[in-house]
Every structure is written in C-alpha cells, then in structure tokens.
Amino acid sequence: MRFAEPYLSTTARWLDSVSTAVPLRIGARSDLKHITAEYLIRNIDAAFDQWRSAPWAKDYTSEEFCEWVLPYRTVSERLEDWRAAALNLPIPAQDSLRRLADM
C-alpha cells in the first residue's frame, strides 16, 4: 500500500480542511426515528429497478449492488429523492456518467 500513501495523505489533509471550514450539523436526527417506511420502500424498489434495467448492471455482483447502488444515502446528507433526480439529468450529464461507468 505504499503507492497509496501520498494520495491518502493528500486526502486526509483535504478532509481536515473541509471539516474545519464546514460547521458540524447541530441537531442531526436519527434515521430510525425520521425516515418513513414508504421512503425506504420506494428507494429500494427504485434501486432494484435501476439494477435490472441499466446497461452497467450486468457488471455488478449482488455484493457490489448492496454496497454501491442500494444505499439511500452515503453519510449524513439531506434526504432527497436523488435517484429520480439523477434519472432526469440532461442527456449530456447522463452520457458522461455512462462513460465514467464504462472505464
């Protein structure tokens, strides 16, 4: 892993600078108490629909799907229907995402 050390160091410095520049969210709420079953069901259904129909899906194992496609959010960003928003991106943005996926 020595080849990754410079990148990890740079990333760590960047994260440190961002965390000091952006104040912590005060009053963060627990997902267990505030996310509805309807939201989660809709999100899970959309993830499976995308996995079945997307051209990149054939290259994803079920483990990769669970790690990279299924989650409704990554950490603590605001809850929103990002899947629907991503599907409604202008075609050039969709094409650039597809090119990245093909790399």
Side-chain angles (χ1 to χ4, degrees):
M1 280 282 240
R2 288 194 184 274
F3 69 90
E5 287 174 9
Y7 300 107
L8 294 174
S9 175
T10 301
T11 303
R13 282 195 309 274
W14 179 81
L15 288 172
D16 284 344
S17 69
V18 169
S19 67
T20 55
V22 178
L24 294 174
R25 283 182 40 186
I26 296 174
R29 303 183 324 171
S30 166
D31 285 356
L32 289 173
K33 294 179 181 177
H34 299 325
I35 294 178
T36 65
E38 179 183 275
Y39 175 84
L40 288 175
I41 291 167
R42 189 174 58 247
N43 197 284
I44 291 167
D45 287 345
F48 275 98
D49 288 345
Q50 291 164 355
W51 191 31
R52 285 186 207 109
S53 63
W56 47 261
K58 64 181 175 9
D59 299 322
Y60 273 52
T61 65
S62 60
E63 290 81 16
E64 290 169 324
F65 168 78
C66 289
E67 177 77 19
W68 301 107
V69 180
L70 183 59
Y72 62 93
R73 67 176 169 182
T74 58
V75 182
S76 62
E77 66 273 11
R78 208 175 87 215
L79 283 178
E80 59 185 336
D81 193 3
W82 65 267
R83 290 182 197 280
L87 291 174
N88 291 321
L89 288 172
I91 297 300
Q94 289 179 2
D95 289 344
S96 66
L97 291 174
R98 286 187 186 107
R99 282 194 299 276
L100 286 173
D102 291 339
M103 294 180 152

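- Applying the 6.0 Å contact sphere to CD of Glu80 captures more than 12 heavy atoms from other residues, nucleotides or ligands.
- Nearest heavy-atom pair across Arg83 and Leu70 is NH2-O, 2.9 Å.
- Scanning both residues, Cys66 and Pro71, for their nearest heavy atoms gives O-CD, 3.4 Å.
- Judged as a side-chain contact (heavy atoms from CB on, under 4.5 Å), and not counting sequence neighbours, the contacts of Thr61 are Glu63, Glu64.
- Closest approach of Trp51 to Tyr60, counting heavy atoms only: NE1-CB, 3.6 Å.
- Grouped by direct or indirect side-chain proximity (heavy atoms under 4.5 Å, Ile/Leu/Val/Met/Phe/Trp/Tyr only), Ile35 sits with Tyr39, Leu40, Tyr72, Leu79.
- With sequence neighbours excluded, the residues satisfying salt bridge (charged side-chain N to carboxylate O under 4.0 Å, His left out) with Asp49 are Arg52.
- Scanning all heavy atoms of the two residues, the minimum distance from Arg78 to Arg73 falls at C-NH1, 4.3 Å.
- With sequence neighbours excluded, no residue forms a salt bridge (charged side-chain N to carboxylate O under 4.0 Å, His left out) with Asp45.
- By the side-chain hydrogen bond (donor to acceptor under 3.5 Å, both in side chains) test, Thr36 pairs with no residue at all, sequence neighbours left out.
- A continuous path of Ile, Leu, Val, Met, Phe, Trp and Tyr side chains, each step under 4.5 Å between heavy atoms, connects Phe48 with Trp68, placing both in one hydrophobic cluster.
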